[in-house]
Amino acid sequence: MAENPVSEGREEENGLYFGDIIKLDVLLVDFWKGFKKFWYLAVLIIAALSCFAFYNCKKSYVPKYISQASFSISTVNSSQGSVGASSFSSYYNSVLAEQLSKTFSYIINSQTMKQILMNKLGVNGLNGSITAKNDVASTPLFTISVTSTSPRDAYDILCAVIENYPRLAQYVLGETQMSVYSPAQLPQAPYNKFSYKKDVAVAAAAGILISCLIFLAYAFSRSTVKKRDDIREKLNLRCIGEVPWVEVKKRSRRAPSLVTISPNNADFSEAFRYLKRRVLKCLDADNKKVLAVTSAVPGEGKTTVSYNLALAFARSGKKVALLDTDFARRSIQKYLGATLLSRGLSDYINNDCSLGDIATGTSLENFKIYYAGTKPLKNIPRETLIRLFDHLRERYDYVILDAAPCGVVSDSARIIDMADETLFVIKQDSASVSKIRRSLQYVYDLNATVAGAVFNAVRTGLDGYSGSGYYSYGYYGKKYGYYGKKYGYYGRKYGYYGRKYGYYGGKTYGYGKYGDYGYGYNGYGYSGGKRVTENVTDKREETAQDEQ
């Protein structure tokens, strides 16, 4: 019996294992999965924050108008003429300009000026702010600006300032004269145009950041089996095979599809041929016949594994029986379309029919299927099960049980207890590690022997986890594996038997054993100009068997 999956020195809390190393490639894939799963949430967050920013900008926007006037200021001196009349002349010097610069802003914004303006306009308060500046240092050139939420108020206040400044300034500077060279104009449009782009962009960026944090939290929270190594490290269980993920289109909701071994699924079929050899080696070592295939939760692919494994056994010449013992879900019946079945294992257990009546034939004479039946089972008599499996052991070379998930259905205990070996199916990135560990512990508590785990629906690339095992760089890697299409042992280009550069290379550059031109495509090669005949196809098969 395999070791208990509970590893020592590790604490478990809500499915998370302290001390696990977060790998960047795994984190990125989980982040991408989080995006694919919750992208709509990210869109809602970004849209909500952007709309709120736009609304806030619209609500807080107050149009402001500005009216300006530019002018020069000079003081006026009086002198007595020859006829006794008074004459005035304006003059300018640097001292006077400096004095004007220091006092101009003070006079404009003084409380006295504000009171004069309110009396002039007949209001209790000024709807605007007044600013004054010296256009050119040490010169009497000035600009007055009035900013207000009303264009009329800005214009009226400015006109009132220009009109009343000389009268107020005479108390400080003496009599002054203003020469306006840029008169006040009534504003036609606000100077602060409504702008929301910056605020909306900031809100959208904040939404993206929040969404990324959500995806990152999702990635950190996913404690699932992502790589082949996780089965050994987190579950203390050996992996005896991998099954690649295959895209399947459902024909209808009532008729789900079952992926089966076929020439159209080369990698899938090769995976089950390899799995068959590993399982047969395990069973034949102790002359065992009954294999139960189970999982922690539904949807892990135990039915696909049990059916195709039985099919692989049968195609190798073994006499095989496949039993659908998941009486609650009856998966094999659904997948194979046996919806009008009138009897099955449940009917046999209830003594409503004989065992010979429920054996359903297939396209292979040595492959029989025993469907779950039509009646639910609340209690399965142990004596009936013993009689059933004794009969099956006598008639068949191998019996494969599609058992119910042991983490969900308690009745699976009696079925698993009848098996000689148990095969545990684990779907990549599906059930949590904590659920799988509890289910395995349940199996071990039955004193059942676990042959190992099948890593199912393995993906690579953007939706999978690179380096997961056989289907990236492993035995059946598409590029670098033993059967890799490019660099593998049988790689088409650079492999040991590569068609171009391999040890037994093709027509052009095959260096090595067969000389300058290597082994050709049809079993012949050239060595030093001499034709060499050898059946390399047989040699390939022998080499593959030795490696396996």
Side-chain angles (χ1 to χ4, degrees), residues 1-7 10 17 20-21 23 25-26 29 222-246 267-283 285 291-297 299-306 308-309 312 400 403 405-407 416 419 421-441 443-444 448-460 464-478 480-483 547-548:
M1 184 176 68
E3 298 180 14
N4 190 295
V6 180
S7 302
R10 306 182 72 177
Y17 298 91
D20 285 347
I21 299 176
K23 297 180 181 179
D25 58 340
V26 173
V29 173
R222 291 189 61 78
S223 178
T224 57
V225 177
K226 303 177 179 67
K227 292 189 174 185
R228 179 188 179 95
D229 293 342
D230 292 343
I231 298 177
R232 182 184 67 256
E233 295 173 1
K234 296 183 178 181
L235 303 174
N236 196 23
L237 188 67
R238 68 167 181 162
C239 179
I240 64 173
E242 292 186 26
V243 178
W245 180 84
V246 178
D267 291 340
F268 184 85
S269 301
E270 187 61 43
F272 273 98
R273 283 193 288 270
Y274 176 78
L275 179 62
K276 176 201 68 177
R277 289 191 291 269
R278 297 292 301 274
V279 173
L280 283 177
K281 183 178 179 180
C282 180
L283 293 176
L291 175 71
V293 181
T294 186
S295 60
V297 295
E300 296 288 280
K302 64 177 183 59
T303 300
T304 301
V305 171
S306 59
N308 284 283
L309 192 58
I400 297 180
C406 56
I416 294 175
E421 291 280 352
T422 301
L423 194 61
F424 211 88
V425 179
I426 300 173
K427 185 178 180 180
Q428 185 185 45
D429 196 27
S430 180
S432 66
V433 172
S434 58
K435 287 184 179 179
I436 299 174
R437 287 167 65 90
R438 287 194 296 268
S439 300
L440 277 172
Q441 188 63 58
V443 174
Y444 285 117
T449 303
V450 179
V454 176
F455 199 24
N456 189 35
V458 178
R459 297 192 189 197
T460 57
Y465 301 89
S466 61
S468 62
Y470 289 114
Y471 291 92
S472 53
Y473 293 88
Y475 198 83
Y476 294 101
K478 291 184 178 181
Y480 298 94
Y482 190 85
Y483 287 96
E547 292 291 338
Q548 295 163 10

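All figures in this text were calculated on a predicted structure; none of them were measured in a lab.
Between E300 and V425, the shortest heavy-atom contact is O-CG1, 3.4 Å. The minimum heavy-atom distance linking G241 with L275 is given by the pair CA-CD1, 4.2 Å. Closest non-hydrogen pair, K276 versus A312, comes out as CD-O, 3.5 Å. Nearest heavy-atom pair, I240 versus A451, reported as atom, atom and distance to 0.1 Å: CG2-O, 3.9 Å. When all heavy atoms are compared, the tightest approach of E270 to R273 is OE1-NH2, 2.8 Å. Of all the heavy atoms in C282 and R238, the pair that sits closest is SG-NH2, 4.1 Å.
Looking only at side-chain heavy atoms (C-beta outward), I436 and T224 stay at 4.5 Å or farther from each other. Proximity of V26 to K227: side-chain heavy atoms (C-beta onward) are separated by under 4.5 Å at one or more points. Taking the side chain as every heavy atom from C-beta outward, L235 and D230 never approach each other to under 4.5 Å. Put simply, the side chain of V454 reaches to within 4.5 Å of the side chain of L423, judged on heavy atoms. The side-chain heavy atoms of V433 and R437, taken from C-beta on, include a pair separated by under 4.5 Å.
Within the model, atoms CG of L237 and CG of L440 stand 5.5 Å from one another, a figure rounded to the nearest 0.5 Å. C406 SG to K302 NZ: the interatomic distance, rounded to the nearest 0.5 Å, is 10.5 Å. The structure places NZ of K234 at 11.0 Å from OG of S434, a figure rounded to the nearest 0.5 Å. Atoms NZ and CZ, from K281 and R278 in turn, are 7.0 Å apart once rounded to the nearest 0.5 Å. To the nearest 0.5 Å, atom CZ of residue F424 and atom CD1 of residue I231 are 10.5 Å apart. Atom OG of residue S432 and atom CZ of residue R438 lie 6.0 Å apart, to the nearest 0.5 angstrom.
Residues meeting the side-chain hydrogen bond (donor to acceptor under 3.5 Å, both in side chains) test with N456, sequence neighbours left out: none. Scored by the side-chain hydrogen bond (donor to acceptor under 3.5 Å, both in side chains) test, S269 finds no partners at all (sequence neighbours excluded). Scanning for side chain to side chain contact (heavy atoms under 4.5 Å, CB included) contacts around T304 gives L258, F268, N308, with sequence neighbours left out. A search for side-chain hydrogen bond (donor to acceptor under 3.5 Å, both in side chains) contacts involving T422 returns nothing, not counting sequence neighbours.
When atom types are taken as modelled, the side chain of S430 and the backbone of K427 share no donor-acceptor pair closer than 3.5 angstrom. With hydrogens and angles ignored, the 3.5 Å screen pairs a side-chain donor or acceptor of Q428 with a backbone N or O of R459.
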R232/D229 under salt bridge (Lys or Arg N to Asp or Glu O under 4.0 Å): CA gap, chis, key distance, verdict: CA-CA 5 Å; R232 182 184 67 256; D229 293 342; 3.7 Å; yes

CA sep, side-chain torsions, deciding dist, call: T294, I416, side-chain contact (heavy atoms from CB on, under 4.5 Å): CA-CA 8 Å; T294 186; I416 294 175; 4.2 Å; yes

Check against side-chain contact (heavy atoms from CB on, under 4.5 Å), L309 and V279: CA-CA 9 Å; L309 192 58; V279 173; 4.2 Å; yes

